[in-house]
Visitor: 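Dropping the structure in here first, questions after.
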2 protein chains.
Amino acid sequence: MEVFWRKGYAATTPQDLVDALGIGKGSLYNAFGSKRALFEKALCRYRDSQALALIEMLEEKGPVKDRLRKALRFLAETDLADPDRRGCMAVNTAAELAGTDEAAADLVRRMFDRTEGAFRVLVEEGQRAGEIAPGRDAHAIGSLLLNAVVGLRLMARIAEGPDRLSRVIDATVDVL
Amino acid sequence: MEVFWRKGYAATTPQDLVDALGIGKGSLYNAFGSKRALFEKALCRYRDSQALALIEMLEEKGPVKDRLRKALRFLAETDLADPDRRGCMAVNTAAELAGTDEAAADLVRRMFDRTEGAFRVLVEEGQRAGEIAPGRDAHAIGSLLLNAVVGLRLMARIAEGPDRLSRVIDATVDVL
DNA sequence: CGAGTTCTTGACCTATGGGTCCAGAAAGGT
DNA sequence: ACCTTTCTGGACCCATAGGTCAAGAACTCG
C-alpha cells in the first residue's frame with residue numbers, strides 16, 4: 001500500500017514491491033497473483049484504514065462546524081507533513097486509473113459515496129443544531145464537502161505551503 | 001497531448017505516440033528528445049488551449065454568478081461527454097507526477113495560480129456589483145472556487161452520471 | 001521423528017519500454 | 001543539375017517489466 005500510494009500504479013515495479021516487502025519475487029506472485037491484484041488489495045486496505053478515519057473524525061462530539069474544520073485541517077496538515085506528499089490514494093487512483101480500470105474506479109466511487117454520506121449526516125446534524133441554515137439541501141452540501149476534500153487532497157500534492165489550503169478550509173467552513 | 005491526456009504519463013508508451021502521430025520513432029525522438037520533454041510540451045499546449053479557455057469564459061459579460069454557474073456547468077458537461085473521461089490534464093498530472101517531477105508540478109501550480117487569480121477577480125467584481133457579500137475575503141473565495149473546480153474535474157473522471165456534479169455546482173454557486 | 005504439504009527464493013523467460021543510429025528521401029542553396 | 005543539409009523511418013539496442021518455475025527450506029501432524 002505504501003509503495004503504490006507513493007508512486008502510483010503504473011510507476012510501481014515488481015522490484016519496488018519486492019524491496020519494500022523484503023520477500024522474494026516468487027513469494028510475491030505466489031501470494032498475490034499479479035501486480036494488479038495486489039494493488040486492489042492495497043486500495044482496500046487504504047479504504048479500511050485511512051478513508052474510514054476521516055468518517056470517524058466527523059462523528060466525534062462538539063459543534064458541527066468545529067468538527068468539520070478540525071477534520072479538514074487535520075487532512076491538510078498530515079498531507080503537507082508527509083515528506084512524499086502522497087495526498088489521498090483514492091484521489092490519485094481516480095486520476096490515474098479511472099479511464100482504464102473499472103474495478104479500481106468502482107472502489108474509489110464507493111469510498112466517495114461513503115464520505116459524501118458522512119458529510120450529509122453531519123450537515124443534517126448541523127441543521128438540527130441550528131448551526132447550518134435549514135433551508136440548504138443537506139445532500140448538496142454533502143456533495144460540496146466531498147468535492148472540497150477531493151480538491152484539497154489533490155492540491156496538497158503540489159501546494160508550496162499551507163496558505164492556499166488554509167484559505168480553502170476557512171472559506172469552505174465559513175460559507176456554510 | 002491527446003494521448004498523454006487520455007492515458008497519463010507513465011502509461012503512455014513511445015509506440016502509442018508513434019501510432020498517434022503517424023511518424024517514425026526516429027522522427028519522434030529527433031523532434032522532441034525524450035518522452036519526458038514531449039510530455040512537457042504537451043502539458044504546455046494543454047495550458048495554452050484548454051486551461052485558458054476557462055479563464056476566458058469567466059471574463060464574459062453578465063451577472064457574475066451566472067457566468068460562474070455557466071462555466072462550471074460547461075466543464076462538467078464536456079468532461080462527462082468525453083467518451084474517454086479524461087478530465088483535466090493538469091489535475092491528472094498533479095495526481096500522477098507531483099511527488100516525482102518537480103517541473104511538471106510547477107507547471108500545474110502556475111496553471112492553478114492563474115485560475116485562482118481569475119476567480120478572485122470574478123469574486124471582486126461580484127462584490128462590487130452587489131452579487132456577493134462584500135464581507136467575504138475575495139482571495140479565499142477564489143481559492144475555494146479553484147478547489148471546487150479541481151474537485152469537480154477529478155470527480156468527473158469517475159462520476160456515473162451528472163447528478164453529483166450538478167449538486168456540487170449548484171451548492172457551490174448558492175453558498176456564495 | 002519422518003513424510004507430506006506448503007512457502008520461499010532467485011534464476012529464468014518473453015515482451016516491451018525508452019532510446020540510438022544509419023541509410024536513404026526531401027528540401028534547400030547555387 | 002549538383003551538392004549539402006535536414007528529415008524520416010525503422011532496424012537495432014539494452015535494461016527492465018511482469019511473471020513463471022523448479023529446487024530446496026520450513027512447517028505441519030500423526
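So that the names make sense, note that chain A is the first sequence line, chain B the second, and so on, each numbered from 1. Keep in mind that the numbers below use all heavy atoms, side chains included, and drop hydrogens, waters and symmetry copies.
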Visitor: If each of B:Thr12 and A:Ala31 is mapped to the nucleotide of DNA chain C with the nearest heavy atom, which maps nearer the 5' terminus, i.e. the 5' end?
Guide: A:Ala31
Visitor: Rounded to whole Å, how long is the line connecting atom NZ of A:Lys25 with atom C1' of D:dA22?
Guide: 16 Å
Visitor: Is the shortest side-chain N/O distance from A:Thr13 to OP1 or OP2 of D:dA17 below 4.0 Å?
Guide: yes
Visitor: Does a side-chain N or O from B:Ser27 land closer than 4.0 Å to OP1 or OP2 of D:dC7, or not?
Guide: no
Visitor: Could you please spell out the steps behind the side-chain hydrogen bond (donor to acceptor under 3.5 Å, both in side chains) verdict for B:Thr13 and B:Asp16?
Guide: CA-CA 5 Å; B:Thr13 72; B:Asp16 292 330; 3.2 Å; yes
Visitor: Rounded to the nearest angstrom, tell me the gap between atom CG in A:Leu17 and atom P in C:dT9.
Guide: 15 Å
Visitor: What integer distance in Å separates A:Asn30:CG from C:dT8:C1'?
Guide: 8 Å
Visitor: Is there a donor on the side chain of B:Lys35 or the base of C:dG19 sitting less than 3.5 Å from an acceptor on the other?
Guide: no
Visitor: Take atom CZ of A:Phe32 and atom P of C:dT8, then tell me their distance rounded to the nearest Å.
Guide: 10 Å
Visitor: Write down the distance between CD (B:Gln15) and C1' (D:dA11), rounded to a whole number of angstrom.
Guide: 13 Å
Visitor: Checking A:Arg109 side chain against B:Ile158 main chain: does a donor-acceptor pair fall under 3.5 Å?
Guide: yes
Visitor: Below 4.0 angstrom from OP1 or OP2 of D:dT20, is there any side-chain N or O of A:Tyr29?
Guide: no
Visitor: Nearest whole angstrom, please: distance from the P of C:dA26 to the CD1 of B:Ile23.
Guide: 17 Å
Visitor: How are the rings of A:Phe39 and A:Phe4 set to each other: parallel, tilted or perpendicular (split at 30° and 60°)?
Guide: perpendicular
Visitor: Could you tell me how far apart A:Asp19 (CG) and D:dA17 (P) are, to the nearest whole angstrom?
Guide: 10 Å
Visitor: In whole angstrom, what separates B:Phe39's CZ from C:dG17's P?
Guide: 17 Å
Visitor: Answer yes or no: is there an ion pair linking B:Arg67 with B:Glu131, defined by an N-O contact shorter than 4.0 Å?
Guide: no
